[in-house]
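Below is one structure, written out as structure tokens, with a few remarks after it.
Note that the numbering runs from 1 along the sequence shown for the chain.
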Amino acid sequence: MPRRLSLTITALTLTAGSLVVTTPAAHADGPGTGTPYVVTVGDSYISGEAGRWAGSSNDSETPADALGAHAYHDNAAGTAETIPRCHRSKSAEAYIGGGVGGLNLACSGATTGTTTGDNFKPGLDFYDDGAGHLGQAKLLQQFATGHNVKQVVVSIGGNDFNFASVVQSCVTDFLTSPSWNPDYCRDDSSVVANFTSANVTAVRGRIATAFQNVRTAMRNAGYGDTAWTLLVQTYPSPIPAASGFRYGQSGFTRQSVGGCGFWNADADWANATALPTINSTVRAAIGQSGLTNTRLLELQSTFNGRRLCEKTVGLYEEVGLSSWTQPTAVDRTEWVNQIRTVTTVGSNYFIQESIHPNYWGQLALRSCVRQTYTQNRGGTCTIAGTGLLNAEPRMTLN
């Protein structure tokens, strides 16, 4: 199983996706008229990144391949991505059903502002290069003008904290230092810089501006502030604290088998400091934005019991299952994708899928969003029981 032992780890990103509309709108649809819509904007934790895979196996891709090769193809023909590497999967949160249309504008790797370069990543702004590349706020405005958007759901901020590089530092330190003298990422200067008071303040301001851009887009499309709701979601914990790992930290097994190469101390830091800092910044940005039509979907503990390498779940070969379609697969396999390295090249896995909610995780989050919509409120979403309900994990909004 050496494919995850490579010490060269390509950057991971929170990924987001393309324009998928599940219900065609009538010509006269617009603000307050026609089929109601939920629109998702932001990064990979809402775009559907890793949504192809229902759990993990080191023996074969087949047991976990729930959506197949077209999982991220969101163009009209279903043959390609509208924006390469946005990874808007068919299991994404936007598609709550029940007569409600869904549009996924989120994109893997997105930050609060649009970035260009090797891969175009639309942010929550009004970017327009005149050649068809638009920011997510501009896309939202265009869509909302001719459709009845009732709820906009946003996940943003993780990439502004350089989530990808933090994970890369943690895994690199795990693979390049011995257990008797571990090199922790929590005190690496490149990691610490993301969580200084000054940077937290700066990121909070950018997130607040992103929320304001969403409001501006809706106002420009003809909506009053009370005609729609902005649902802001926090980020779920993807790995357990030290005591929850099913693999010890001695040797390379935690990464080479589990795909979760964090030292115990770094895993504790991630859960007790890094993630709470990111989530508290997102919450604080709501107040700073001045928006009055917001709700909060708390997800920090949503995956507890189903996280990557947690004792309560396992790989398919570890729990004696052969397919994601088996009745107990949702309860016995992980809801977060393994961390993969450059040795993934040549397989159907993408490095950017690493440490993201997988097929099970995406459907669980979809259930959470549906409940906020139908119950007209925010709340904390947690696992409510075993098995599936209407082909989704059983979740409850508290």
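Between I339 and Q255, the shortest heavy-atom contact is O-NE2, 3.0 Å. Annotation for P122 and I83: closest pair CG-CD1, 3.9 Å, computed over non-hydrogen atoms. Of all the heavy atoms in G78 and H73, the pair that sits closest is O-CB, 3.4 Å. Looking at every heavy atom in both residues, F120 comes nearest to Y127 through CE1-CE2, 3.7 Å. Taking both residues in full, the closest heavy atoms of N181 and S177 are given as O-CB, 3.8 Å, listed atom of the first, atom of the second, then distance. Of all heavy-atom pairs between A267 and A242, the closest is CB-N, 4.4 Å.
Put simply, NZ on K138 and CG on L105 are 13.5 Å apart, with the number rounded to the nearest 0.5 Å. Between D43 atom CG and T111 atom OG1 the span is 9.5 Å, to the nearest 0.5 Å. With rounding to the nearest 0.5 angstrom, the NE2 atom of H70 is 7.5 Å from the NZ atom of K90. Residue I46 holds its CD1 atom at 9.5 Å from CD1 of I156, rounded to the nearest 0.5 Å. Note that the CG atom of L296 and the CG atom of L231 stand 7.5 Å from one another [nearest 0.5 Å]. Rounded to the nearest 0.5 Å, atoms CZ (F161) and CG (L275) are 10.5 Å apart.
For the pair R186 and Y184, the cation-pi criterion (under 6.0 Å, within 45° of the ring axis) is fulfilled. The cationic atom of R254 (NZ for Lys, CZ for Arg) does not lie both less than 6.0 Å from the six-membered ring centre of Y247 and within 45° of the ring axis.
The ring-ring contact (aromatic ring centres under 6.0 Å, His included) test with H356 is passed by exactly one of Y349, W53, Y45: Y45. Partner of Q233 under the side chain to side chain contact (heavy atoms under 4.5 Å, CB included) criterion, chosen from N279, T40, V369, V154: V369. For the pairing with F303, the side chain to side chain contact (heavy atoms under 4.5 Å, CB included) check across S237, P238, P357 returns one residue only, P357.
Checked by atom type and distance alone, the side chain of Q168 never pairs as donor or acceptor with a backbone atom of F163 at under 3.5 Å. Under a 3.5 Å cut-off, the side chain of Q362 and the backbone N or O of N358 do not form any donor-acceptor pair. Using modelled atom types, no side-chain atom of D29 and backbone atom of N148 make a donor-acceptor pair closer than 3.5 Å. Distance alone, capped at 3.5 Å, is enough to place a donor-acceptor pair between the D65 side chain and the G68 backbone. Formation of a donor-acceptor pair under 3.5 Å by the T302 side chain with backbone atoms of P236 is not found in this model. Checked by atom type and distance alone, the side chain of T333 never pairs as donor or acceptor with a backbone atom of V330 at under 3.5 Å. Put simply, the side chain of Y235 gets close to the backbone of G157: a donor and an acceptor are under 3.5 Å apart. Between the Q375 side chain and the T372 main chain, no donor and acceptor come within less than 3.5 Å of each other. Under the 3.5 Å distance criterion, the side-chain polar atoms of Q371 are matched with a main-chain donor or acceptor of M395.
Enclosure of atom CG in N390 is not indicated, since only 12 or fewer non-hydrogen atoms of other residues, nucleotides or ligands lie within 6.0 angstrom.
Looking at residues two or more places apart in sequence or on another chain, you find a side chain to side chain contact (heavy atoms under 4.5 Å, CB included) between Q288 and R204, A208.
Using modelled atom types and a 3.5 Å distance limit, the side chains of T229 and N293 yield no donor-acceptor pair. Between the side chains of S179 and Q249, not a single donor N or O lies within less than 3.5 Å of an accepting N or O. Between the side chains of T82 and N75, no donor N or O sits under 3.5 Å from an acceptor N or O.
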Could you please spell out the steps behind the side-chain contact (heavy atoms from CB on, under 4.5 Å) verdict for Q300 and I278? CA-CA 10 Å; Q300 185 159 319; I278 294 171; over 6 Å; no
Would T380 and N398 satisfy side chain to side chain donor-acceptor pair (under 3.5 Å), going step by step from the backbone distance to the final call? CA-CA 5 Å; T380 299; N398 299 311; over 6 Å; no
Before giving the answer on side-chain contact (heavy atoms from CB on, under 4.5 Å), spell out for R394 and T386 the whole-Å C-alpha distance, their side-chain angles and the decisive distance to 0.1 Å. CA-CA 7 Å; R394 296 177 183 269; T386 58; 5.9 Å; no
side-chain contact (heavy atoms from CB on, under 4.5 Å), that's the test. Do T116 and K121 meet it? Break it down for me. CA-CA 6 Å; T116 59; K121 300 294 182 182; over 6 Å; no
Using the rule given for side chain to side chain donor-acceptor pair (under 3.5 Å), can you reason through N376 versus R295, listing the C-alpha separation, both sets of side-chain angles and the distance that settles it, and then say yes or no? CA-CA 9 Å; N376 199 32; R295 296 193 180 107; 2.5 Å; yes
Does Q352 form a side chain to side chain donor-acceptor pair (under 3.5 Å) with E49? I'd like the steps, not just the answer. CA-CA 8 Å; Q352 69 181 58; E49 181 67 87; 2.7 Å; yes
Applying side-chain contact (heavy atoms from CB on, under 4.5 Å), run through D188 and D173 and close with a yes or a no. CA-CA 9 Å; D188 289 353; D173 287 352; 2.6 Å; yes
In sequence, state the C-alpha distance, the side-chain angles, and the governing distance for S322 and Q326, and then conclude on side chain to side chain donor-acceptor pair (under 3.5 Å). CA-CA 8 Å; S322 59; Q326 290 173 274; 3.3 Å; yes
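In this structure, the ring of W269 has its center less than 6.0 angstrom from the ring center of F195.
At least one side-chain heavy atom of L315 sits under 4.5 Å from a side-chain heavy atom of Q338.
Between H87 and Y72, the ring planes are parallel. Angles under 30° get that label, and only those over 60° would be called perpendicular.
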